[in-house]
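To keep things clear, I will list the structure first and then write my remarks on it.
In what follows, chains are A, B, ... by sequence order, proteins preceding strands, each numbered from 1.
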Amino acid sequence: MKKKSVYALVDCNSFFCSCERVFNPKLENKPIIVLSNNDGCAVSRTDEAKALGIKMGAPYFQIKNFCDKHQVHVFSSNYALYGDMSRRVMRTLSDFTPDLEIYSIDEAFLSLTGFQNLSEYALKIKSQVQQYTGIPVSIGIGPTKVLAKLTNMMAKKEKKKTNGVVNYFEIENFDEKIKQIPVQEIWGIGRKSSEKLAQYQIKSVYDFKCADEHLIQKLLTIVGLRIQKELKEEECLSLESIRDKKQIISSRSFGQPVYELDEIKESVASHISQAAEKLREQDSICSSIMVYIHTNRFKNTPQYYNSNVIHMLSGTASTPKMIHYAFEALEKIYRKNYEYKKAGIVLMDIQKKTSSQLDFFSTHDSKKDDELMKVMDLINQKQGSGTVKFAACGLDQMWKMLSEMKSRNYSSRWSELLEVF
Amino acid sequence: MSTVEEDKQPLIPLYSSTVSCGFPSPAEPYIDTDLDLNEYLVTKPAATFFVRAKGDSMINAGIHEGDILIIDRSIQARSGHIVLAILNGEFTLKRLQTRGTEIWLLPENPNYKAQKINNESDFGVWGVAVHCLHKLI
């Protein structure tokens, strides 16, 4: 009989803000927000900032005065730092499981099938990540990914009470608890879906769990049905079928072990192509790409895991452009003589195409535009972002201001290390 | 005697007949590679950070202004370790010492004072200094 699966979803709390706190202990317990480069919206907020009422995605120009008044610390995105800290967190997590599935820059699923004392183990994971990297995490444990996501959300919502860990197998009256949770909180159920469900009086997670399967399939297609089955402890989802619009993932294990960079490049190129299509379908562009590769932990062969985040000055949805950047990221982390099992990419910092500047970089970029982009990116990467920017750009002031609020590359530039007395 | 082509991986050495019988053959191929500083200096990459020393408060421990310190967060700090500590929100690099139930942070320079950690102090250990890299020229 197949062993019952156990998944743990580990998710960093206010990840970008937490990264800033590691190198600046004065920020502990303070309200902090981190802004996205292009739009200047809040993309990460500490609990203290949330308590002040700052919403996710709030445009900075709208909340600037409020932030000044309430002494909210504001940072521009420091992707070099966040990418490095993410690597550290994932590396630390990989010590705890034979199978780690990275979901985004700050989330990963761990397979804990067959492990004993799950809650205790999860507390150990949380404690080790905190000690090694300084990043606080929340952990949800369950027999399926949807349930792990749900318990993770419960852990995050009541950090003090749960100690940051919620284990489905130890919850009494789970059904009672989910009567209080709106259906929109389920992974994969967005606002539109919850509106459809509301018309049939399906409002809570409990309602959704108990609803007729045919109705669910009719309203939300086979994907919705699979989500419902996962709620009922039946494993049937692959990661790709649940698409978080904020990040697009594409990854696949290799059928046979792969050694050569060229083969991995092929795989990464096809992931990028698929993901870029979805991006364009959504009428969006992305500004950051994460690439990761790793060996098979089940095998008794040398182990290697690494990831790299590359961020682009202006967003793009151009497949060849994204492949180029993904290859750059990949080349930096590829090592010879390892038996690779999996490669994957995550598209991040996704925004809708809106302003005229963005139209300038449409999917059908001219070669000249490509070259210009390349030079700009290179200069900005070497000299610091914001060094070169477009004149007559409505966001001019925003660029200047934002780069001044970026913290140092504490873990990736010799010239920017922490200085200690 | 055969020569090994440069781009081929060295083969597991075969022993000549001069080796006495009963000698166990090596389990692994013996390959010389470049010495890797990373391997030597960093035990736990996920928990290892670099910081730069300022001032001369730890000069007698061999830590000079501008030196790079390798800080390992995975090590449990003990009395006698040089630690990167946080005191009232500020980073400080000092030698940790426990005297009974008391915790002290000691400089390595007579011009600086030792500090006792009170219960009211906002104190924590960020990591343990494992190596100091001092440039000579």
Side-chain angles (χ1 to χ4, degrees), chain A residues 12 19-30 73 81 83-96 100 108 124-125 127-135 137 259 300-307 333 335-337 408-421, chain B residues 7 9 28-29 31 33 36 38 42-59 63 65-77 82-94 105 107-109 112 115 122-129 132-133 135:
Chain A
C12 303
C19 289
E20 302 290 349
R21 274 180 169 158
V22 174
F23 300 93
N24 199 337
K26 284 204 174 90
L27 298 177
E28 216 53 52
N29 302 317
K30 298 279 193 303
H73 297 265
L81 182 66
D84 181 73
M85 295 303 281
S86 170
R87 251 194 305 281
R88 292 168 184 274
V89 170
M90 299 306 173
R91 260 199 175 119
T92 307
L93 292 177
S94 68
D95 282 345
F96 288 94
L100 176 77
K124 178 128 211 302
I125 295 175
S127 154
Q128 187 139 302
V129 173
Q130 173 74 50
Q131 182 179 351
Y132 281 22
T133 69
I135 303 289
V137 303
Y259 294 89
N300 193 11
T301 48
Q303 294 297 317
Y304 181 70
Y305 156 79
N306 212 343
S307 69
I333 56 177
R335 300 275 181 273
K336 275 168 114 146
N337 299 324
R408 285 149 65 151
N409 288 336
Y410 300 107
S411 57
S412 49
R413 288 224 179 114
W414 291 112
S415 56
E416 295 184 23
L417 300 182
L418 255 185
E419 289 175 327
V420 299
F421 286 88
Chain B
D7 54 357
Q9 273 226 345
E28 302 163 348
I31 301 171
T33 54
D36 184 354
N38 261 306
V42 180
T43 335
K44 263 262 173 276
T48 304
F49 295 83
F50 304 145
V51 302
R52 213 175 270 283
K54 293 278 289 171
D56 60 355
S57 65
M58 296 297 284
I59 192 84
I63 299 173
E65 160 110 15
D67 287 354
I68 289 177
L69 291 139
I70 299 181
I71 309 287
D72 190 335
R73 289 179 63 109
S74 72
I75 298 176
Q76 204 56 40
I82 294 176
V83 299
L84 182 58
I86 303 167
L87 189 57
N88 301 321
E90 300 284 348
F91 280 110
T92 181
L93 191 76
K94 295 289 174 291
L105 288 179
E108 289 269 355
N109 181 329
Y112 293 79
Q115 269 182 303
D122 180 19
F123 168 77
V125 172
W126 199 91
V128 176
C132 175
L133 305 178
K135 201 161 193 279

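Of the two parts of A/Val22, the backbone and the side chain both hold a non-hydrogen atom closer than 4.5 Å to a non-hydrogen atom of chain B. For a residue to count as touching a neighbouring chain, one of its non-hydrogen atoms must lie under 4.5 Å from one of that chain's; by this rule B/Thr92 touches chain A with backbone and side chain alike. With a threshold of 4.5 angstrom between heavy atoms, A/Phe23 approaches chain B through its backbone and through its side chain. Contact annotation for A/Met90: neither backbone nor side-chain heavy atoms come within less than 4.5 Å of a heavy atom of chain B. Both the backbone and the side chain of B/Pro45 come within contact range of chain A, judged by heavy atoms closer than 4.5 Å. Of the atoms belonging to B/Glu90, it is side-chain heavy atoms, and not backbone ones, that fall under 4.5 Å from chain A. For a residue to count as touching a neighbouring chain, one of its non-hydrogen atoms must lie under 4.5 Å from one of that chain's; by this rule B/Ile63 does not touch chain A.
The closest side-chain heavy-atom distance from B/Gln76 to A/Gln131 is below 4.5 Å. In this structure, the side chains of B/Phe50 and A/Trp414 come closer than 4.5 Å at one or more pairs of heavy atoms. Two residues are said to be in side-chain contact when any heavy atoms from C-beta on lie closer than 4.5 Å; B/Ile86 and A/Glu28 fail this criterion.
Here the side chain of B/Arg73 pairs a donor or acceptor atom with the backbone of A/Gln130 at under 3.5 angstrom. The main-chain N or O of A/Ser415 is never found under 3.5 Å from a side-chain atom of B/Arg52 such that the two would form a donor-acceptor pair. At distances below 3.5 Å, at least one donor-acceptor pair connects side-chain atoms of A/Arg88 with backbone N or O atoms of B/Thr48.
Rounded to the nearest 0.5 angstrom, A/Leu417 CG and B/Ile71 CD1 are separated by 10.5 Å.
Interface remark: of the candidates B/Gly55, B/Gly66, B/Ser74, B/Ala53, B/Ser74 forms the most heavy-atom pairs closer than 4.5 Å to chain A. Of all the listed residues (B/Lys54, B/Lys94, B/Lys44), the one sharing the greatest number of non-hydrogen pairs under 4.5 Å with chain A is B/Lys54.
Looking at every heavy atom in both residues, B/Gly89 comes nearest to A/Pro25 through O-CG, 3.9 Å. Taking both residues in full, the closest heavy atoms of B/Ser57 and A/Phe421 are given as OG-C, 4.1 Å, listed atom of the first, atom of the second, then distance.
The number of heavy atoms from other shown groups lying within 6.0 Å of CG (B/Asp36) is above 12.
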